[in-house]
Amino acid sequence: MLVRCWVIYLLLHLTGNVSLQDSTFSTVNSYVGGSVTLPCRYENKLQSTDVYWRYNASRKVLSIINGKPSPEEQDKIFSNRTKSFPSEYSEGNYSVELKDLQLTHAGNYTCFIQDSNEEKKIQLFVKEKPEKQTPSQRNSCMKTESPKIFLTALLGLTLHLI
């Protein structure tokens, strides 16, 4: 399957029909509560174009209509969580930032540029934020391990002597 995708990409690229920067598929990682920018850059500058961001192919993340962000009909899980960069549209940057990420935001995102009929696919992975251990937590772990090690050694010695 992966080989087939690369062959298709290579054929499209060689014929000049693919002009999105980077590869047509990328992955992004983030944590719950964090934010992430999903990249979508178009090499050929357009006067005004419509761009559609979708989540898992059908849920509406954000639409950019005639060069303006349009959050109408946006899926509820993205309401008040998206930000785009209108001042950069003229440079071909249609990236979108997702804020206050939740585990439910993990999945496949597509940036579809209508005038060129091109799309950029991004897979987002969202993980729980790892807990940072304080020095006292690390020391308390060591304190509870020491008696266990001592008792295990003592038990082993006792069994050896019997």
Side-chain angles (χ1 to χ4, degrees), residues 1-13 17-141 144-145:
M1 176 70 174
L2 183 61
V3 172
R4 193 178 314 156
C5 289
W6 275 107
V7 169
I8 292 170
Y9 170 76
L10 185 60
L11 288 173
L12 289 173
H13 188 70
N17 290 331
V18 174
S19 61
L20 284 174
Q21 290 180 347
D22 305 321
S23 66
T24 56
F25 181 83
S26 60
T27 59
V28 178
N29 298 300
S30 193
Y31 293 101
V32 171
S35 63
V36 67
T37 300
L38 302 177
C40 183
R41 297 185 70 69
Y42 182 66
E43 288 179 1
N44 301 326
K45 297 175 187 164
L46 299 170
Q47 297 265 336
S48 180
T49 187
D50 295 343
V51 178
Y52 303 98
W53 274 98
R54 298 296 179 258
Y55 168 68
N56 291 337
S58 62
R59 298 175 86 174
K60 295 179 180 182
V61 178
L62 182 69
S63 298
I64 300 168
I65 309 296
N66 292 321
K68 294 180 182 169
S70 176
E72 289 85 34
E73 298 181 28
Q74 184 179 49
D75 197 283
K76 289 185 286 186
I77 69 168
F78 299 106
S79 182
N80 297 316
R81 284 195 161 109
T82 59
K83 174 185 172 188
S84 65
F85 310 95
S87 62
E88 296 183 29
Y89 294 165
S90 62
E91 299 299 316
N93 183 4
Y94 299 102
S95 301
V96 65
E97 180 182 5
L98 299 179
K99 300 180 265 186
D100 190 24
L101 290 172
Q102 302 301 314
L103 290 173
T104 55
H105 292 126
N108 297 311
Y109 290 80
T110 305
C111 170
F112 178 75
I113 300 173
Q114 186 174 12
D115 288 354
S116 64
N117 201 31
E118 296 180 41
E119 62 183 32
K120 168 89 174 181
K121 294 183 180 196
I122 300 114
Q123 186 171 19
L124 174 63
F125 294 97
V126 180
K127 302 177 192 173
E128 290 285 348
K129 199 167 192 174
E131 283 187 38
K132 289 185 178 179
Q133 286 188 336
T134 64
S136 62
Q137 286 175 323
R138 276 181 268 166
N139 290 340
S140 69
C141 224
T144 58
E145 289 298 316

- request: Show your reasoning for whether side-chain contact (heavy atoms from CB on, under 4.5 Å) applies to Tyr109 and Leu124.
  value: CA-CA 7 Å; Tyr109 290 80; Leu124 174 63; 3.8 Å; yes

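Side-chain contact between Glu118 and Cys40 is absent, with no heavy-atom pair separated by less than 4.5 Å. Side-chain contact check for Glu97 versus Phe85: some heavy-atom pair is nearer than 4.5 Å. Pro69 places none of its side-chain heavy atoms less than 4.5 Å from the side chain of Lys83. Counting only heavy atoms from C-beta outward, the side chains of Thr49 and Ile113 approach each other to under 4.5 Å. Side chains of Val32 and Gln102 form a contact here, defined as non-hydrogen atoms less than 4.5 Å apart. You'll find the side chain of Glu91 stays beyond 4.5 Å of the side chain of Tyr89, heavy atoms only. Residues Tyr42 and Cys111 fail the side-chain proximity criterion, which asks for heavy atoms closer than 4.5 Å. Residues Phe112 and Asn117 form a side-chain contact, since some pair of their non-hydrogen atoms from C-beta on lies under 4.5 Å apart.
Interatomic distance, CD of Glu119 versus OG1 of Thr110, reported as 5.5 Å (0.5 Å rounding). How far CG of Asn29 is from CD of Gln123: 9.5 Å, rounded to the nearest 0.5 Å. The structure places OG of Ser63 at 15.0 Å from NZ of Lys68, a figure rounded to the nearest 0.5 Å. Between Ile77 atom CD1 and Thr82 atom OG1 the span is 11.0 Å, to the nearest 0.5 Å.
For the salt bridge (Lys or Arg N to Asp or Glu O under 4.0 Å) condition, the pairs that include at least one residue of residues 98-111, sequence neighbours left out, are Arg81-Asp100.
Contact record, Thr37 with Ser95: CG2-CB, 3.9 Å, taken as the closest heavy-atom pair. Looking at every heavy atom in both residues, Asp50 comes nearest to Ile65 through OD1-CA, 3.4 Å. Here the closest heavy-atom approach between residue Trp53 and residue Tyr94 is recorded as NE1-O, 2.9 Å. Nearest approach of Pro39 to Ile122, heavy atoms of both residues: O-CD1, 3.4 Å. Looking at every heavy atom in both residues, Leu98 comes nearest to Leu38 through CD1-CD1, 3.7 Å. Scanning both residues, Leu62 and Arg54, for their nearest heavy atoms gives O-NH1, 3.7 Å.
For Tyr52, the ring pair (Phe, Tyr, Trp, His ring centres under 6.0 Å) test picks out no residue, with sequence neighbours left out.
Under the 6.0 Å cut-off for aromatic ring centres, His105 and Tyr55 do not qualify, their centroids lying 6.0 Å or more apart.
Counting only distance, with no hydrogens or angles, the side chain of Asn108 and the backbone of Asn56 share no donor-acceptor pair below 3.5 Å. Without hydrogens or angle criteria, Gln74 side chain to Val61 main chain gives a donor-acceptor distance under 3.5 Å.
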